[in-house]
Amino acid sequence: DLESRITSWNRAAERLFGFTAAEALGRPIYVLIPDERQQEEQEVLERVRRGDNVVHFETRRRHRDGAEFDVSLTVSPIRDEQGQVVGISKIARDITARRATEAEVAGLQSRLVALAAASSLLLRSPRVDDMLPAVLSVARDLLPADGYAVWRKDASNEEWRIAAHEGLSPAFADDIIGWGDLPGGPEPVAFDDAGEAVLSARQAAYAREGIRSLLLVPLVMHGRTTGTTVFYHRTPHRFSPSELEAARAFGNVVSAALTAAELYEEQQRSRMDSDFLAEAGRLLANSLDYSASLRQVAG
C-alpha cells in the first residue's frame, strides 16, 4: 500500500525472497531492501504516487537469510475507480544469472584485448629460446595465477621438461616426466582440484609445491602437441568459461608464434648446412693435394 506495507505475496515471491506469505503480509517492504538502498525506495514511491510507471528498474534486494541479489523491478500504480493511486504493484525478476553472464562476457573481452596488446611481445625475436620468457609474460597478463610453466616435449625420448617458468620452486621446475604423465589434448583442460585421479602421477609433486588447481593449455605445432603452458594456483580456483575461452585464444596465438619461430630456426639451420657444403666443395676443388684439402675441410 502507500505506506509501503506488503498486502499481497505470491508463491514466486516466497521462492525469490525466502519469506512465506504469512511472514511477509503486513511487513514493510523495507525488509527486502539493503540498508544503502532504502532512499531508493522513497524515490520510487514518490514517482508512483504521481502516477508514473517505473519499468525495468535494476537494483538489489535482500533474501530472508541476508544474502543480496540483483533484480529487475517493474513498479506500477494501482488506482481505484476514481483513478486515485491507492497502492503499488511490484514485479521482481531475479537477474543474477544475466549479470553473471554479462560479467563473463566483459571479462572475456578485456582478456582478449590484453592478449592482442601483449602478443607483440611474442614477435620481437624469431628464436624459440627468446620467445619463451615472452610467453610467460603474456600468460601472466592474461590469467593471474601463482605459478606458470612452459613444458616442452623432447621428441627423442617422449619426455616433458620445463623450458621456462615463473613462481615455481627449482625442485619442481627441474622435474622430468613421461609423456603420459601430463594429461591433456588439443583443448585447454582445467583441474579445479589437483587431487583428481587423472593427475595421480603428479599429485606428490603438486602436494610438495602446494598446488591446488591448475589449467593446461596445449601448444600445437604442425598438428602435434609439442608443448603446454600450465597455470598453477596454490589456493583452490574454479576456472570460469571466460578464462577457458581466453586460454584457448592464448594457446592458438602462442602455438602460431612458436611454429613460425621453429620454421625460422629450421631455415637458418638449412642455410648453414648449405653454406657449409658449398664451402667444403670449394675447398676440395681448390687443390689436387688431397691431404691439404682434407686438412682444410676438417678445419
Side-chain angles (χ1 to χ4, degrees), residues 111 114-115 118-119 121-122 124-125 127-221 224-240 242-255 257-259 261-262:
R111 287 188 173 102
L115 176 60
S119 59
L121 290 173
L122 302 174
R124 289 184 177 177
S125 172
R127 298 183 65 251
V128 173
D129 288 345
D130 293 338
M131 190 180 296
L132 294 179
V135 172
L136 295 178
S137 178
V138 174
R140 186 179 61 249
D141 291 341
L142 185 67
L143 295 173
D146 298 310
Y148 307 84
V150 180
W151 291 80
R152 300 299 305 278
K153 177 189 173 188
D154 187 335
S156 64
N157 55 18
E158 297 286 306
E159 289 181 338
W160 287 97
R161 299 172 184 266
I162 291 181
H165 67 92
E166 184 176 304
L168 301 172
S169 68
F172 187 89
D174 287 341
D175 268 357
I176 300 173
I177 63 176
W179 167 254
D181 293 337
L182 197 63
E187 292 292 320
V189 183
F191 295 95
D192 297 337
D193 180 4
E196 292 186 29
V198 70
L199 298 173
S200 59
R202 298 287 296 150
Q203 281 178 1
Y206 294 152
R208 289 192 298 269
E209 193 70 13
I211 303 299
R212 302 293 299 278
S213 302
L214 62 152
L215 172 63
L216 282 73
V217 183
L219 305 177
V220 180
M221 284 160 272
R224 297 178 293 106
T225 301
T226 61
T228 185
T229 303
V230 186
F231 299 77
Y232 298 98
H233 291 264
R234 292 191 172 90
T235 56
H237 183 83
R238 184 172 296 277
F239 295 94
S240 68
S242 72
E243 287 178 311
L244 295 177
E245 286 299 324
R248 183 177 290 108
F250 167 82
N252 291 338
V253 169
V254 173
S255 295
L258 286 175
T259 298
E262 289 197 343

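Owing to the predicted nature of the structure, the values given are computational and were not obtained by experimental measurement.
Nearest heavy atoms, A247 versus P188: C-CG, 4.1 Å. A246 and L142 get closest at one heavy-atom pair: O-CD2, 3.6 Å. Contact record, E209 with S169: OE1-OG, 2.6 Å, taken as the closest heavy-atom pair. Contact between A163 and R152 at its shortest, heavy atoms only, is CB-CG, 3.6 Å. Here the shortest heavy-atom pairing between L244 and A190 reads CD2-CB, 3.8 Å. When all heavy atoms are compared, the tightest approach of S213 to A194 is N-CB, 4.2 Å.
W151 places a side-chain heavy atom less than 4.5 Å from the side chain of D175. Looking at T225 and K153, their side chains never come closer than 4.5 Å, going by heavy atoms from C-beta outward. Side-chain contact check for F191 versus L216: some heavy-atom pair is nearer than 4.5 Å. Using a 4.5 Å cut-off on side-chain heavy atoms (C-beta onward), V135 and F250 make contact.
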Subject >> Working for side chain to side chain contact (heavy atoms under 4.5 Å, CB included), residues T235 and R212 >> reply: CA-CA 6 Å; T235 56; R212 302 293 299 278; 5.6 Å; no
**OP:** For side chain to side chain contact (heavy atoms under 4.5 Å, CB included), just list the numbers for I177 and R202, CA-CA rounded to whole Å, side-chain angles, deciding distance to a tenth of an Å, and then say yes or no.
**Re:** CA-CA 9 Å; I177 63 176; R202 298 287 296 150; 3.4 Å; yes
**OP:** Please lay out, stage by stage, how D193 and L199 fare under the test side chain to side chain contact (heavy atoms under 4.5 Å, CB included).
**Re:** CA-CA 10 Å; D193 180 4; L199 298 173; over 6 Å; no
**OP:** List the steps, then state whether side chain to side chain contact (heavy atoms under 4.5 Å, CB included) holds for L214 with Y206.
**Re:** CA-CA 10 Å; L214 62 152; Y206 294 152; 3.4 Å; yes
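With rounding to the nearest 0.5 Å, the separation of CG in L136 from OG1 in T229 is 7.5 Å.
For Y148 and Y232, the distance between ring centers is not under 6.0 angstrom.
The closest donor-acceptor contact from the side chain of T228 to the backbone of V217 lies under 3.5 Å. Using modelled atom types, no side-chain atom of E245 and backbone atom of S240 make a donor-acceptor pair closer than 3.5 Å.
In this pair, H237 and F239 present their aromatic rings perpendicular. The plane angle is above 60°, beyond the 30 to 60° band.
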